[in-house]
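I have placed the structure first, in the form of C-alpha cells, so that the comments after it can refer back to it.
Throughout, residue positions are numbered sequentially from 1 according to the sequence presented. Numbering of ligands and ligand atoms starts at 1, following listing order. Here the structure is a predicted model, which is why all the values come from computation and not from measurement.
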Amino acid sequence: MQITISTGDITASSADAIVNAANSSLLGGGGVDGAIHQAAGPALLGACRELRAGAYRQGLATGDAVATPAFDLPSRWVIHTVGPNARAGETDPALLASCFRRSLDVAEELGAETVAFPAVSAGVYGWDPATVAEVALRTVRDYPARTVRSVEFVLFSEPSEIVFRRAWQVLAATS
Ligand code: AR6
C-alpha cells in the first residue's frame, strides 16, 4: 500500500473515501467534522440521522467507523470514525489505532481504492499530534489491505505535515 503525507483541506480530496473525525452522535461538530458537513451539504446530516435511527441508535462507539455517501464532496464516501477524547481521559492508543483499522475495514467493504485520513483526535480531542502520527502510520502500514492501494494523510498545517513525516522516518528506521 502506498502511503503519502500532504498539507491541505481534506474536503478537497478526490480520494474514493475521506475519513471524518466525528463524535459518537454522528450529527456534526466543529473542526474537520464541521468542514466535511459544510462541504458535503445537508444531505450528509440526513444520512447520519438515518444511521442514528437504525443500527446506530446508541451512536457510534469510540474506535469504530461507518460510511455514508459523500454527496457534494469530490469523494464517493465519507467514513465517519470516533477518535478517543484525551480531554475525557481516553488515552489508550489501542482505541486510536482502532479508528484507522476500522476505517480501512469499511473502505475495503466499500471497494475503495484510495482513502484520505485527517489527524483523528489531534484537534478538539487533545491528543499529541506526534502520538497520532505514530499510531496512524503504524496501523495503516501494517493493515492487510486487499482493495485499498493508497492512503493519504491530509494534514491541516505544515507543522503537522512535518510531524507526520518525522514519524514516518522513525517508523521506517526502527521496524
Ligand atoms: N482538513 C484536514 N484536516 C483538518 C480540517 C480539514 N478541513 N479541519 C481541521 N483539520 P478535529 P478531533 C484537522 O478537532 O480532535 C469535532 O467537533 C485539525 O487541525 O477536527 O478528532 C467532532 O465533532 C486536527 O489536526 O477532530 C468531535 O466532537 C485534526 O483535523 C471532535 O471535534 C482533527 O481535529 C473530534 O475531535
Side-chain angles (χ1 to χ4, degrees), residues 3-42 44-49 51-52 56 58-68 70-75 77-104 106 114-137 139-140 150-168:
I3 295 179
T4 55
I5 297 165
S6 67
T7 299
D9 179 347
I10 203 168
T11 65
S13 169
S14 54
D16 294 338
I18 65 168
V19 175
N20 180 17
N23 60 63
S24 68
S25 81
L26 287 173
L27 300 178
V32 71
D33 193 7
I36 287 173
H37 273 272
Q38 183 156 12
L44 180 61
L45 184 57
C48 289
R49 287 209 170 105
L51 289 173
R52 287 301 308 275
Y56 294 88
Q58 314 294 325
L60 183 65
T62 303
D64 202 359
V66 65
T68 62
F71 301 102
D72 294 346
L73 289 164
S75 300
W77 300 287
V78 176
I79 298 173
H80 308 264
T81 191
V82 181
N85 183 355
R87 297 189 208 282
E90 293 177 335
T91 54
D92 182 357
L95 274 177
L96 186 60
S98 174
C99 290
F100 292 93
R101 206 164 33 242
R102 286 287 306 127
S103 294
L104 289 173
V106 170
T114 55
V115 179
F117 280 100
V120 177
S121 287
V124 172
Y125 280 178
W127 279 65
D128 169 27
T131 308
V132 172
E134 200 269 327
V135 170
L137 289 163
T139 306
V140 171
S150 144
V151 166
E152 181 172 19
F153 288 93
V154 181
L155 292 322
F156 208 39
S157 69
E158 242 170 78
S160 299
E161 182 181 344
I162 290 166
V163 165
F164 268 68
R165 288 198 183 283
R166 289 217 177 108
W168 190 225

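- Set against the non-hydrogen atoms of Gly30, the atoms of ligand 1 under 4.0 Å away are 16 (C), 17 (O).
- Among protein heavy atoms, the minimum distance from atom 15 (O) of ligand 1 is reached at Gly123 N, 2.8 Å.
- In this structure, the side chain of Arg101 does not engage the main chain of Thr139 through any donor-acceptor pair within 3.5 Å.
- Thr81 contributes a side-chain N or O that, together with a main-chain N or O of Asp64, makes up a donor-acceptor pair within less than 3.5 Å.
- Residue contact check: Asp33 has heavy atoms under 4.0 Å from atoms 22 (C), 23 (O) of ligand 1.
- Between the CD1 atom in Ile5 and the CD1 atom in Ile162 there is a gap of 11.5 Å [rounded to 0.5 Å].
- Heavy atoms of Ala21 found under 4.0 angstrom from ligand 1 belong to the backbone as well as the side chain.
- Contact atoms of ligand 1 toward Gly29: 17 (O), 23 (O) (distance under 4.0 Å to a heavy atom of the residue).
- Residue contacts with ligand 1 include Asp9, since one or more of its heavy atoms lies under 4.0 Å from the ligand.
- In the vicinity of Ala35, heavy-atom distances shorter than 4.0 Å reach the ligand 1 atoms 7 (N).
- One N or O on the side chain of Ser121 and one on the backbone of Pro84 form a donor-acceptor pair closer than 3.5 Å.
- At distances below 3.5 Å, at least one donor-acceptor pair connects side-chain atoms of Ser75 with backbone N or O atoms of Ser13.
- With rounding to the nearest 0.5 angstrom, the CG atom of Leu96 is 12.5 Å from the OH atom of Tyr125.
- With respect to Phe153, the side-chain contact (heavy atoms from CB on, under 4.5 Å) criterion is satisfied by exactly one of Val19, Ile3, Val132: Ile3.
- The protein atom (non-hydrogen) at minimum distance from atom 1 (N) of ligand 1 is Ile10 N, 3.0 Å.
- Residue contacts with ligand 1 leave out Ser160, since none of its heavy atoms falls under 4.0 Å from the ligand.
- Ring geometry for His80 against His37 counts as tilted: the plane angle lies between 30° and 60°, on a 0 to 90° scale.
- Regarding atom 14 (O) of ligand 1, its nearest protein heavy-atom neighbour is Val124 N, 2.8 Å.
- Atom CG of Asp9 is separated from atom CD1 of Ile18 by 8.5 Å, given to the nearest 0.5 angstrom.
- The single protein non-hydrogen atom nearest to atom 33 (C) of ligand 1 is Ala119 O, 3.2 Å, given as residue, atom name and distance.
- Scanning the protein heavy atoms around atom 30 (O) of ligand 1, the nearest turns out to be Val32 CB, 4.0 Å.
- Residue nearest to atom 35 (C) of ligand 1, selected from Phe153, Phe156, Tyr125: Tyr125 (by heavy-atom distance).
- When heavy-atom distances to ligand 1 are checked against a 4.0 Å cut-off, Asn85 has no atom that comes that close, whether in backbone or side chain.
- Looking at Ser103, its side chain does come within 3.5 Å of a backbone N or O of Cys99 through a donor-acceptor pair.
- In this structure, Ser121 has a heavy atom closer than 4.0 Å to ligand 1.
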